[in-house]
Amino acid sequence: MTIGEFARASRLSAKALRRYDELGLLTPDRVDAHSGYRYYAGAQVERARLVAWLRRIGMPLAEVRDVCALHGTDPGAAARTVRAYWARVEAETAARRDLAASLVDRLGGPTDMTAMTSTTNARPYGLLSAALSERGRVRASNQDRAYAGPCLLAVADGYGEAGERAATAALAEIEGVRAPDRAGDLLNALEDGVRRADTAVGAAAPGSGTTLTAGVWTGDRLALAHVGDGRAYLLRDGELTRLTRDHTVVQARVEAGELDAAEAAAHPDRVLLLRALDGAGGSPVPDLGLYEGRPGDRWLLCTDGLSAVVPEAELHGVLAAGGSPEDTVRALADLALADAEGRGGPDNVSCVVADVVP
């Protein structure tokens, strides 16, 4: 099939096909040595249509590549990958819905939409939470900090000569954030808290910095702010959904389709941050989200000392085992510290686990 015929059959433009060829996602069956013209086999149409469908739902190219690779060998795993991606999309959509409702409320008064999402009308739930921070087996000191309270969950990963002071200053500042009545006001307050934390880090630890992933619980929602390569996850009905994206050079290359997940995990530059709190001016803009909480939900916040060395499937297994938050943070840290699989706690390890309860 010529590239034009293949484009019509697959519902992809010739421009898109050339781009996917460059990325190794849809390599032509044959390329004319003299003209450079691309020819495709009819058997490639199914894969091309799969790519088109995945791009239509907004999936990044790196994840499209993973799904396509799995589709040929393990269709069930491919389906689970799509399901996990869509769960993230739905969580982000719910967060935007709440923000929109708050904005409508602020600008034009109450509506049916705001009545559905108002924190004042929701039944309040509580959190049972626990935090743990370990030095690990290699680092000389612990520059991580973790906090778990009835309304605040947070982890920070300091770096530089005064990384521990940077992480401590960030958490001390974020502890002052309180939950106002409206969702939009809460996220504004959380963003302001992150900016204050950045200033506090600059004053307490010049030349050093920290990541920060923090959540404020309202009684039925978790407002989340994220800067750096810490992570936040939600376990609901047995499914584990990652809520944050790493602000790293390597993650940016993954999203651009330049690296796959395996290459990213082993890349020597994976710790290079694009965003962090360092007080150096130009305060970083945090990723913000607002997530509904239900009884039975379990939240995990952790630094990369856990997520970088323990596969997500193992995190899922421990979180889903049903242990108390105290037992679960201990079990998670032990996974990172274990000598098995060549881990051995190469970095500081911090995590927070919180359960939503009636």
Side-chain angles (χ1 to χ4, degrees), residues 131-148 152-177 190-215 224-232 244-254 264-288 301-310 329 332-333 336-337 343-352:
L132 182 66
S133 186
E134 293 273 2
R135 177 173 61 88
R137 302 187 187 278
V138 176
R139 303 283 186 174
S141 63
N142 188 0
Q143 296 186 316
D144 278 7
R145 294 294 183 267
Y147 181 89
L152 176 67
L153 313 172
V155 292
D157 181 358
Y159 62 85
E161 291 185 3
E164 69 283 355
R165 292 205 304 271
T168 299
L171 258 60
E173 195 61 53
I174 213 72
E175 284 179 33
V177 176
L190 195 51
E191 183 174 16
D192 290 343
V194 172
R195 290 200 179 98
R196 291 194 302 271
D198 183 61
T199 300
V201 168
S208 297
T210 186
T211 68
L212 177 67
T213 302
L224 192 68
H226 168 67
V227 176
D229 60 359
R231 290 191 180 174
T244 55
R245 59 180 292 272
D246 297 344
H247 298 144
T248 61
V249 171
V250 166
Q251 180 60 32
R253 293 185 62 188
V254 168
H267 200 284
D269 294 337
R270 66 178 179 78
V271 297
L272 294 181
L273 296 171
L274 291 175
R275 296 189 218 173
L277 305 182
D278 57 14
S283 181
V285 177
D287 289 346
L288 298 170
L301 276 61
C302 65
T303 60
D304 70 331
L306 178 65
S307 59
V309 298
V310 179
V329 292
L332 289 169
L337 297 173
R343 294 170 190 168
D347 197 358
N348 306 148
V349 183
S350 295
C351 54
V352 171

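Side-chain atoms are counted along with the backbone in the values below, which use heavy atoms only and exclude waters and symmetry mates.
Side-chain atoms of R137 come within 3.5 Å of backbone N or O of L337 as a donor-acceptor pair. For N348 (side chain) and Q143 (main-chain N/O), a donor-acceptor pair under 3.5 Å exists by modelled atom type. The backbone N or O of A204 lies less than 3.5 Å from a partner atom in the side chain of R165, making a donor-acceptor pair. At distances below 3.5 Å, not a single donor-acceptor pair connects side-chain atoms of D246 with backbone N or O atoms of T248.
In this structure, L332 and C302 have side chains that are not in contact, with every pair of non-hydrogen atoms separated by 4.5 Å or more. The side-chain heavy atoms of S350 and L306, taken from C-beta on, include no pair separated by under 4.5 Å. Counting heavy atoms from C-beta on, the side chains of I174 and V194 come closer than 4.5 Å. For the pair D287 and H247, the minimum side-chain heavy-atom distance is below 4.5 Å.
Within the model, atoms NE2 of H226 and CZ of R275 stand 8.0 Å from one another, a figure rounded to the nearest 0.5 Å. A distance of 8.0 Å separates CD in E134 from CG in N142, rounded to the nearest 0.5 Å. Here the straight-line distance linking atom CG of L288 with atom CG of L224 works out to 8.5 Å at 0.5 Å rounding.
Between R139 and D347 there is a salt bridge, since at least one side-chain N of the basic residue sits less than 4.0 Å from a carboxylate O of the acidic one.
Applying the salt bridge (charged side-chain N to carboxylate O under 4.0 Å, His left out) definition to pairs two or more places apart or across chains, those involving residues 190-206 are E173-R196, E191-R195, D192-R195.
A pairwise comparison of heavy atoms in A154 and V352 identifies O-CG2, 3.7 Å as the closest pair. P286 and A225 get closest at one heavy-atom pair: CB-CB, 4.4 Å. Summarising the geometry of G305 relative to V349, their closest heavy-atom pair is O-CG2, 3.7 Å, with the distance given to 0.1 Å. When all heavy atoms of L212 and L171 are compared, the closest pair comes out as CD1-CD1, 3.7 Å. Nearest approach of D278 to Y159, heavy atoms of both residues: CB-OH, 4.0 Å. Between V155 and A146 the shortest heavy-atom distance is CG1-CB, 4.1 Å.
Using a 3.5 Å distance cut-off with no hydrogens or angles, the side chains of T168 and R145 do pair a donor with an acceptor.
When V250, T213, T303, L273 are each tested for a side chain to side chain contact (heavy atoms under 4.5 Å, CB included) with D229, only one passes: L273.
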